[in-house]
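Letters go in sequence order (proteins before strands), and every chain restarts at 1.
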Amino acid sequence: MADAIASILISGLVLGSLYALMASGLSLVWTTLGIFNFAHGVLMAVGAFFAFQISQSLLPYAWIGLPCLLALVAMIFVGAVFEYVLVRPFYGREDMVMVTIMTTLAGLTFLENGILAIWGPRLKQIGALAPGTLSVGPVHLSWQESLTVLITPFVLAATFLFMQHTQTGRAIRAVGQNRKAAELFGIPVQRMFALTFAISAVLAGLAGMLLGSIRFMTPTMGSDPLVKALIVVIFGGLGSIGGSIGAAYVIGFLEALLVFGVGLYWTPSILFLIMIIVLLVRPQGLFGAAERLTV
Amino acid sequence: MQRLLEVRDLEAGYGAFKVLRGVSFHVERGESVGLFGPNGHGKTTLFETLSGLIRPTAGRVIFEGADITAASPADIVERGLIHVAQGNLLFGRMTVGETLALAAFAKRARAAQVRNRDFVLNLFPRLAERSSQQCRTLSGGERQMLNIGVGLMASPRLMILDEPTLGLSPKLKEVLAIAIKNVADSGVQLLVVEQDVDFLLLLCSRLYLVNHGEIAKTVNVADGGFGYEQVLEDYFGVRNS
């Protein structure tokens, strides 16, 4: 029994970390631009495959953390280019939300198939940040899992501090809340949009790299986390990044519990059922501010 | 000596609908200028064109000798032409303190941030009290104070105020009018739209009447008998006694 509880806890924490990284990026783009990025999941795969390729061909003997760091830098450009090509041409259009559903879906297809074309269908894995397992009493977990659980809060806290306490972070929030006023402040709005995409791509890429050494990498490795991140963002309250992070861990634990209780097969449906019930009781989401939906 | 702001034959509008139909006026160095006239005749459009939010279809805007007709809003703010929009709600989920800090976004304003902040909080002690409150919890008057404070944080060379006392109680109106007078006396040049012409007379050396997207009349305050009461009667049908 202690075994089961421990494994549910660990699995919940790992999943929660992953979803928190994904959901915070998704939520950041949503609150700043008011659009939903369907390609957010595949950015996870892009990050993982970048790290894989860099570690294979550039730094074959280096510790895997180094290629991961380089791949994260590359993700800044991926995010900015993504915004420039697929979102920027449509700013100011009344149907921007609809158009960007199409363009981000196009981006998703393009990147997924691009990864498939470049790296092929064979399953891949990147090395663990630290090999081996950690055993505390009856609990066994891999170092990679523990590092995932440990790194994530630091990354999220850094993101949070950046958004709250730097002039650039404030500017990003300002652009999301009142674009015209932000322009009159002299804030370069489009640059903030590009930066928002860059940050969210880095967060997704990091999630991909962490997952890429726990499970196998595939071009579609991000699609399930994206659906979960969407649940998380709605569940946590649209427009609240803090709420998304909290909800990510709640969903992570729920999923771990459900996988143990009812099995992998029924877990997604029951997750959706729980989400629907929560939204019926609290339409603003678990942590969302009520007034956001009425605006 | 070169003028601070020169607007020549400016035309702008929304789609095919032309709101400004060749507006020309100027602001000399050291003076404040007022605009008045009926609502819906292009004053706000004029300001949004000056601040780069709307692209003019014809005409030129020259600020401190530089042509800023096609400049971006960020560039215009950097040059010190600051537009305080009408009834701006700012950022609902940001605190007053954060908003003031963010308002010093331009490079030039960053250097003077501490001095500007002291000036603003001295001018509106209420903002200091509300510093950690979110903007959406502010009253109309406090919001307007914050708007003016935000404009000042940007180190303006010319600050555009679009009906700064609109919709406020007479008492608050007076508080803000006094504050705006203080701002002008401190050396910040203003370009103000107001319905209250008496207030403009106190503040400005020249007034322009904007009507049907054009400058219908220029009033030099120093000349004394300019007949603005006649203008009021013509355009608003009221006699200012």
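At most 12 heavy atoms of other shown residues, nucleotides or ligands fall within 6.0 angstrom of atom CZ in Phe77(A). For OH of Tyr84(A), the number of neighbouring non-hydrogen atoms (other residues, nucleotides, ligands) closer than 6.0 Å is 12 at most. Residue Phe25(B) places its CZ atom among more than 12 non-hydrogen atoms of other residues, nucleotides or ligands, all under 6.0 Å distant. Within a 6.0 Å sphere centred on CZ of Arg143(B), heavy atoms belonging to other residues, nucleotides or ligands number more than 12. The environment of Phe154(A) atom CZ is sparse: at most 12 non-hydrogen atoms of other residues, nucleotides or ligands sit within 6.0 angstrom.
Of all the heavy atoms in Met94(B) and Arg173(A), the pair that sits closest is CE-CB, 3.8 Å. Phe105(B) approaches Phe185(A) most closely through the heavy-atom pair CB-O, 3.7 Å. The two residues Val77(B) and Leu184(A) come nearest to each other via the heavy atoms CG2-O, 3.4 Å. Contact detail for Ala74(B) and Gly186(A): the closest heavy-atom pair is CB-O, 3.5 Å.
For the ring pair (Phe, Tyr, Trp, His ring centres under 6.0 Å) test, residues two or more places apart in sequence or in another chain that qualify with Phe47(B) are His83(B).
Both the backbone and the side chain of Glu98(B) come within less than 4.5 Å of a heavy atom of chain A. Ala103(B) touches chain A through backbone and side chain together, each having a heavy atom under 4.5 Å away. Proximity to chain A involves both the backbone and the side chain of Leu102(B), based on heavy atoms less than 4.5 angstrom apart.
The CD atom of Gln113(B) sits 6.5 Å away from the CD atom of Gln167(A) when rounded to the nearest 0.5 Å.
The backbone N or O of Leu90(B) sits less than 3.5 Å from a side-chain atom of Asn178(A), completing a donor-acceptor pair.
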